[in-house]
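So you know, we letter chains A, B, ... as the sequences are listed, proteins then strands, and number each from 1.
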Amino acid sequence: MSSFDESEAPAAGSLSARAMAARPTAPYLDDLNPAQREAVEALDGPVLMLAGAGTGKTKALTTRIVHLLNTGKARPHEILAVTFTNKAAREMKSRVGRTLGEAVEGMPWMGTFHSICVKILRRHQELVGLRSNFTILDTDDQIRLLKQLVRAAGIDDKRWPARALAGVIDQWKNRAWTPDNVPVSEASAYDGKGVALYRQYQTRLCELNAVDFGDLLLHVVTIFQTHPDVLEQYRHRFRYILVDEYQDTNVAQYLWLRLLAGGHSNICCVGDDDQSIYGWRGAEVGNILRFEKDFPGAKVVRLEQNYRSTPHILGAAGGVIAANKGRLGKELWTETEAGEKVRLIGHWDGEEEARWIGDEIEAMQRGTRGLRPFSLDDMAILVRASHQMRAFEDRFLTIGLPYRVIGGPRFYERMEIRDAMAYFRLVISPSDDLAFERVVNTPKRGLGEKAVQTIQRIARENGVPLLDGAAMAVEQGAIKGKGAQALGKLVMDLSRWGRMAGAGEPSPRDIAEIILDESGYTEMWLKPKEDPDDPDESRQPKDHEAEGRLENLKELVKALEQFENLAGFLEHVSLIMENESEEQAEKVSIMTLHAAKGLEFPVVFLPGWEEGLFPSQRTLDAPPENGVEEERRLAYVGITRAEEVCTISFAGNRRVFGQWQSQRPSRFIDELPEAHVEVLTPPGLYGGGYGAAASMHEESGLEARAAEANVYNSPGWRRLREARMSSRPGGQTRGAAVIDAQAVSKHVVGERVFHQKFGYGAIIAIEGDKLEIAFEKAGVKKVVARFVTGTDDVPF
DNA sequence: CAACTAGATCTTTTT
DNA sequence: GATCTAGTTG
């Protein structure tokens, strides 16, 4: 509680003195437009800032903070500013500092919901039955723990996966339901055993002195609800509250905010109902729609002047989002010139789409599209689902186009990092059973399932953590042979490393290195020694993959340099699951639409606009129409990321689960207003004059399908078809290099062929439309005939 | 006990 | 196609 003291004296006198001393006009206010200024200057009472995409939301928010400080209304530690991502928090901090002209070190309560909750929870942990230094479990640990409970309950975890239970529990926690509060309507969840398992899970977490992500909020809300005195402290402390991305708050976050703002109602929420895209993880658009009811007398300010995109891009986005019901309603406008229309293009399949986008990116880089040249950093590909990324990565690797994947498999989620972290955890807290289970046989120590079961039994019988159980098992001789020896060593090592960490000597970085080395973990990724007697033999990584893992471990150890101790590092990592390494080279960005929220790029590509992919099959299968609205908001988010050029595309065929499927263009394409769209005809994509074939086939396929679904009579679709026809006078096509059975018959066994990805090879067998080919470099593969060309320049 | 093989299951989106 | 699991073999 010591750090609490600084604010215990309200110092009203000095505040008003500062308020009077403040300059009547502040230069930073002059940079704002009227709406922004209104939102900034309404400092007291509830304010809802409805900020459309690109309307200067962050600017308004940061200026508001500056204004609060500058007018003396609040001191830095009296402002609670909440965001969803660490990135947003960092951005806000740096912008406040910039506007203020000095660094803001003194804003301890600016951060994510989760990091702020941890801070609060660490001070009152005992109120919810936790001890100090509780650990924060990530999703992986959470699932593993649940799996144990599910199995212990005699449930077939095949039919009822632990993952599903985790989802159910998460949703409950998002709604701030403790096991006692789960409504009866949920009784059937997880085969009727959901609530009971939820209760067991919470008990188990408590025993482990651990919390999961959802608990961070839930526990704090519980504390606020059951301990008015504690709540009062924080209400008093946080004189002004600011919330970013309010449309993404879930019920627990909403309650948390309402409890805190309950006294003074000095709360300013910024959000955009049209950008609510996290309903699946419990976000309630209702929170923002209801704001005026929740906070009577609220001032609502709309930011509608857009500073990011051209009118055509805004028009297209506006046309799509207009199809949604239940909006608060905003109309974005801009003063910039019309610019390019949103470009729409169809492709034969996903690979062709990737190829075309790759070519287009290179063209735009050179400035050969009649536009200014763009840097690769200015361009982004935004996909609906991460598996769409592969096609682009494959293609970009083959043509040598530098790219970066944002929000991909994250550093701290990698296996080797998690293994290493488990060692560290076990060193810091020897009762961390989950960490013990993770590393006990990694690297292989000859301790399999049976040995672990023995340890678990002994630990349970004696009521001690697994690590102590292991020590006892060795003493008692319950585990024999090689395994016993290795286990004994592990137990000894861990306590030795623990003493080092306790002594703070050597440095955390060195301790980490020692742990990884002496545990044999690093060794695991190295080639076996050729000569065991030669200690100086230089060791190479096993393979390319192992090399990457070793690199990552090095990076992990390096990251430790900035921390006082291992414990501090572990806390940092559990909250910041992102890779912070910064790259300098120019690269195209590839990311999901979700990851793109809040970002902007001069050039944006939006591939895969197909029914079943976007909107996703899941939302289409789900009962009501409501899921589609969220998908539509996602489309809106995507389009509004673009500043100058936005290209939407779809493919007629795509591989789903390894199976080829024909795709229909997304309903969102039909919703694009004609006036803002330009249809591009597919240029020759295969080079050498045999390209038009793909589009011809796509079209005939389309017409066949059009008979069964009149989707294709919609304006958007007709437009596309007409554009196609007109681009090919007389409907003539040139040399068709094609597809399906006809093309296969063109190939013969023994023929030398070329494949985009695998290179050159010879056909060794033909089955239907598939060719078995022995590639010179890639080995024997089965590929679809259409992806292969003969090695003659004019194959047919 | 580990290493290998066959078969199932899967894909949203993430603090 | 890729990954995870159960089941088999060494």
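- Counting any heavy atom pair closer than 4.0 Å across all strands shown, A:D212 reaches no nucleic acid atom.
- Taking every heavy atom of both residues into account, A:T112 and A:T85 meet most closely at CG2-C, 3.4 Å.
- Contact between the side-chain N/O atoms of A:S386 and the OP1/OP2 oxygens of B:dT13 is found at a separation under 4.0 Å.
- At a threshold of 4.0 Å, the pair A:K173-A:D170 does not count as salt-bridged, since none of the basic side-chain nitrogens sits closer than that to a carboxylate oxygen.
- Out of B:dA2, B:dT11, B:dC1, the shortest distance to the side chain of A:A451 is found at B:dC1.
- Relative orientation of the A:W280 and A:H594 rings is perpendicular, given thresholds of 30° and 60° on the angle between their planes.
- With A:F436 as the aromatic partner, A:R425 does not meet the cation-pi criteria of under 6.0 angstrom to the ring centre and within 45 degrees of the ring axis.
- With C1' as the reference atom, B:dT11 and C:dA6 are 23 Å apart, rounded to whole Å.
- Side chain of A:N441, nearest nucleotide from B:dC10, B:dT14, B:dA2: B:dA2.
- The A:T112 side chain lies nearest to B:dT15 when the options are B:dT11, B:dT15, B:dT13.
- Across all strands, A:K147 comes closer than 4.0 Å only to sugar-phosphate atoms, never to a base (heavy-atom distances).
- Within the 4.0 angstrom heavy-atom criterion, only backbone atoms of the sugar-phosphate kind lie near A:K450; the bases stay farther away.
- For A:R655, counting side-chain heavy atoms from C-beta on, the closest listed nucleotide (C:dG1, B:dT14, C:dT5) is C:dG1.
- The residue A:F84 sits close only to the backbone: its heavy atoms come under 4.0 Å of sugar-phosphate atoms, none of a base.
- Taking the side chain of A:K444 as heavy atoms from C-beta on, and the options C:dG1, B:dA3, B:dT14, the nearest nucleotide is B:dA3.
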